[in-house]
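Input: a single structure, listed below in C-alpha cells.
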Amino acid sequence: MNNFTFCSPTKFVFGRGVTDHVGEELAAAGHARALIVYGQGSVVRTGTLARVMASLDAAGVSHVELGGVRPNPEIGLVREGVALARAEQVDVVLPVGGGSAMDCAKAIAIGACYDGDPWDFWAKKATVSRCLPVAAVVTIPASGSEASNSCVISNDEVGLKCGCNSELIRPAIAFLDPELTFTLPPYQTAAGVTDMIAHIMERFFSGEPAVHATDNLACGLIRAAIDAAAVVMADPKNYDARAELMWIGTLAHNGIAGCGLGIPGKRDGDWTCHGLEHELSALDPAITHGAGLAVIFPAWMRHVWTSHPERFLTFGAEVFGIEPVDPDVDDLSDIDEKVTPERAVHDAVEATIDALQEFFISIGMPETLGELGVTERDVDQLLAGLKVNRGESFGTFAALTLEDARTIYENAL
C-alpha cells in the first residue's frame, strides 16, 4: 500500500428536509452574508432556491444571488461572480445545484481572494493560497464536488476546459437532501451515475498494486450504484435508492475510494479518461460529462488493459461476477476451441468491459462519440486541447501518447 493523505474536512448534513436548515447551519458556522450561485432555472422551478433563501432569511444570513451557470461552467460568469462577491463583501459562497454550480462557486471563492484574473489558476499561472469558504446544497448526485478538492472550468475564448485542485476548496458544509433529486430527468440521473462510477474507476485503475481494503470499498460502491440506478430508473421517487446514489456520489470523489492506490505527491489515480472527456465538452459544452465518460472509458479500457490485466480480472469478478474459464476443467465440450490461459484472461477482460458498457447503455448513455455529434474531423482539435492540458505523454495505468489518444478517440467514434 502506497503512502497517502486522506482529507475530508466537510461537514455533511444528509437527509430529508435538510434544505430547510441551511440558514441555521451557516449562521452557527459564523457566516453573515452569502453569495448564492445557481444554474439556469431548475432550482427556481422546483422551489429549492426559495427554500434555501427562506432558510437564510430565518437565520439572519443576508444574501445576494448569481444565476445562469451553464453545464461546463465558463470563466466569464466566474469573473462576474468574483466582482459581485467583492462588491457585496460576502463571507461564504453557496452553490445550489449540481457539479457545474459547485465548480463555478469554488472558482468564485478562489478568485475573490486574488488580485489577478481568475483564469490564472486554470492556466497554471497561479496556485491557490486563499479562498472564501464554500457551502453546497447538492441537487444532482454526480460530480462529488461537494466533497472534492477539484474544480473544472471552461474558457470558450481559448477553447479549453481545465482543472484546478486545492485542499482549500473542499466545501466546509454540504447539504444532501435526496428528495431534491426526485425530479431529475432520466438522462441526467444516468449521466450522474456514470460520473460517480468513473471517479471510482479512475482510482481503481491507477496502475498501482492492489489494496484489498480500498478495492473492496471501490467495487462495493460501484455495485451499489448499479443496483440503485436500476431501481431509480424504474421508480424515480424511491427515496432509499436516491439516497444511495447521493451518498455514493460523495464517497466516489472525496478520496476514500483511492487510499493507497495513488502515487504519493502526484495524482490519486490515472484520470486519463477524465482528461480525454474534458476535451469533448470543451469542443461542445452541450456534451454532458457523464455521457462522454460512458463512451471514453470502455474505449480506453480496450486500449490499455494488457498493461495490468490482473486489475481487470479483479474488477470483473468483484463488480460483475465474471471469472476466467479454467483451462484445466474436464468438461469443455461446449467450447469450440481449446482455451489457453491467455485466451481465458482475454475473454474475461473483454466480457468485463462489455458488461460495463452494456450497463451504461441500459441506463440511457451513448455507445459512441458519433451519438454526441463528434466526428473524425474533430479529433485533431481534441488532441490540441489534450496536449495543452496533459502534455505529450500521460497516464499512470499505462503510459500513453497523443497518438494513443487519437486511437482511443477514433475507436470510440
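Since this is a predicted model, take the numbers as computed values, not measurements.
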Q.
Using 0.5 Å steps for rounding, measure from the CZ atom of Arg70 to the CG atom of Leu77.
A. 9.5 Å
Q | Contacts of type ring pair (Phe, Tyr, Trp, His ring centres under 6.0 Å), residue Tyr409, not counting sequence neighbours | A | none
**Q.** CG-CG distance between Leu369 and Asp378, expressed to the nearest 0.5 angstrom
**A.** 9.5 Å
Q) Checking Asp177 side chain against Gly17 main chain: does a donor-acceptor pair fall under 3.5 Å? A) yes
Q. Less than 4.5 Å apart, any side-chain heavy atom of Val232 and any of Val193?
A. no
Q | Ile140 side, atom CD1; Met246 side, atom CE - distance, nearest 0.5 Å | A | 9.5 Å
Q) For the ring pair Phe121 and Tyr114, is the centre-to-centre distance below 6.0 Å? A) yes
Q: For Arg223, check salt bridge (Lys or Arg N to Asp or Glu O under 4.0 Å) against everything at least two apart and list the hits.
A: none
Q: Keeping the roles fixed (side chain from Ser166, backbone from Leu168), state whether a donor-acceptor pair exists under 3.5 Å.
A: yes
Q. Are Val69 and Tyr38 close enough that some pair of their side-chain heavy atoms sits under 4.5 Å apart?
A. no
Q | Under 3.5 Å: donor-acceptor pair, side chain of Thr401, backbone of Glu403 | A | yes
Q: Could you verify whether a donor N or O on one side chain and an acceptor N or O on the other, from Ser154 and Asn72, lie under 3.5 Å apart?
A: no
Q: Could you grab the distance from atom OG of Ser206 to atom NE2 of His308, nearest 0.5 Å is fine?
A: 8.0 Å
(Q) Please determine whether the number of non-hydrogen atoms from other residues, nucleotides or ligands lying under 6.0 Å from atom CD of Glu310 exceeds 12. (A) yes
Q) Is a side-chain N or O of Asn2 found less than 3.5 angstrom from the main chain of Gly262, in a donor-acceptor match? A) yes
Q.
Under a 3.5 Å distance rule, please check whether Asp227 uses its side chain to pair with a backbone N or O of Ala224 as donor and acceptor.
A. no
Q: Return the set of residues passing salt bridge (Lys or Arg N to Asp or Glu O under 4.0 Å) with Asp268 (not counting sequence neighbours), or none when no residue passes.
A: Arg203
Q) Partners of Glu358 by side chain to side chain contact (heavy atoms under 4.5 Å, CB included), sequence neighbours excluded? A) Asp354
Q: Before accepting this row, confirm whether a basic side-chain N of the pair Arg242/Asp235 lies closer than 4.0 Å to the acidic partner's carboxylate O.
A: no
Q: Supply the atom-to-atom distance Leu382 CG to Leu402 CG, rounded to the nearest 0.5 angstrom.
A: 11.5 Å
Q: Given ring-ring contact (aromatic ring centres under 6.0 Å, His included), test Phe360 with Phe297 step by step and report yes or no.
A: CA-CA 10 Å; Phe360 290 151; Phe297 236 112; 7.9 Å; no
Q.
So Thr272 and Leu276, do their side chains get closer than 4.5 Å, heavy atoms only?
A. yes
**Q.** Phe4: partners by ring pair (Phe, Tyr, Trp, His ring centres under 6.0 Å), with sequence neighbours left out
**A.** none
(Q) With a 3.5 Å distance limit and no angle check, can you tell me whether Asp270 reaches the backbone of Glu202 through a side-chain donor-acceptor pair? (A) no
Q) Is there a donor-acceptor pair closer than 3.5 Å between any side-chain N or O of Thr214 and the backbone N or O of Cys259? A) yes
**Q.** Listed partners of Ala317 passing side chain to side chain contact (heavy atoms under 4.5 Å, CB included), at least two apart
**A.** Glu323
Q. Hey, does Ile408 have a side-chain heavy atom less than 4.5 Å from the side chain of Leu400?
A. yes
Q | Atom of Val78, atom of Pro118 and distance for their closest heavy-atom approach | A | CG1-CB, 4.2 Å
Q. Do any N or O atoms from the side chain of Asn216 and from the backbone of Ala213 form a donor-acceptor pair under 3.5 angstrom?
A. no
Q.
Once ring-ring contact (aromatic ring centres under 6.0 Å, His included) is applied, what residue pairs with a partner in residues 136-188 remain, sequence neighbours excluded?
A. none
Q. Do NZ/NE/NH1/NH2 and the carboxylate oxygens of Glu350 and Arg302 come within less than 4.0 Å?
A. yes
Q: With sequence neighbours left out, write down each residue that passes salt bridge (Lys or Arg N to Asp or Glu O under 4.0 Å) with Glu342, or none if nothing qualifies.
A: none
(Q) Could you work out, with salt bridge (Lys or Arg N to Asp or Glu O under 4.0 Å) as the rule, every residue matching Asp347, not counting sequence neighbours? (A) Arg343
Q) Would you call Ile248 and Pro141 a side-chain contact if the rule is heavy atoms closer than 4.5 Å? A) no
Q.
Checking side-chain contact (heavy atoms from CB on, under 4.5 Å) between Thr139 and each of Leu49, Val43, Leu184, Thr46, which is the one that passes?
A. Val43
Q.
Please check if the number of heavy atoms outside Glu410 that lie under 6.0 Å from its CD is greater than 12.
A. yes
Q.
Any heavy-atom pair between the side chains of Glu146 and Thr10 that's under 4.5 Å?
A. no
Q) Do you know the tightest heavy-atom contact between Met365 and Ala294? A) CB-CB, 3.6 Å
Q: Indicate the atoms forming the closest heavy-atom contact of Phe204 with Arg311, along with that distance.
A: O-NH2, 3.0 Å
Q) Has the side chain of Asn389 got a donor or acceptor atom that lies under 3.5 Å from a matching backbone atom of Cys162? A) no
**Q.** Pairs satisfying salt bridge (charged side-chain N to carboxylate O under 4.0 Å, His left out), at least one member in residues 107-130, at least two apart
**A.** Arg79-Asp117
Q: Decide yes or no for Ile287 and Val374: does some side-chain heavy atom of the first lie under 4.5 Å from some side-chain heavy atom of the second?
A: yes
**Q.** Closest heavy-atom pair and its distance - Met53, Ile36
**A.** CG-CD1, 3.9 Å
Q: Would you mind reporting whether His199 and Trp271 have side-chain heavy atoms less than 4.5 Å apart?
A: yes
Q: List the atom of Leu66, the atom of Leu84, and the distance in Å for their closest heavy-atom pair.
A: CB-CD2, 4.2 Å
Q: Kindly write out the residues that satisfy ring pair (Phe, Tyr, Trp, His ring centres under 6.0 Å) with His303, not counting sequence neighbours, or none if the list is empty.
A: none
Q | Under 3.5 Å donor-acceptor, Ser55 side chain and Val22 backbone | A | yes
Q: Report the residue from His274, His253, Lys106 that forms a side-chain hydrogen bond (donor to acceptor under 3.5 Å, both in side chains) with Ser150.
A: His253
Q: Could you walk me through whether Leu383 and Lys387 pass the side chain to side chain contact (heavy atoms under 4.5 Å, CB included) test, one step at a time?
A: CA-CA 6 Å; Leu383 294 174; Lys387 182 177 179 179; over 6 Å; no
Q) Should we count CD of Glu167 as having more than 12 external heavy atoms under 6.0 Å? A) yes
Q | Gap separating the CG atom of Leu356 from the OG1 atom of Thr194, nearest 0.5 angstrom | A | 8.5 Å
**Q.** Atom of Val96, atom of Thr48 and distance for their closest heavy-atom approach
**A.** CG1-CG2, 3.9 Å
**Q.** Sequence-distant partners of Phe312, ring pair (Phe, Tyr, Trp, His ring centres under 6.0 Å), two or more places apart
**A.** Phe205, Phe397
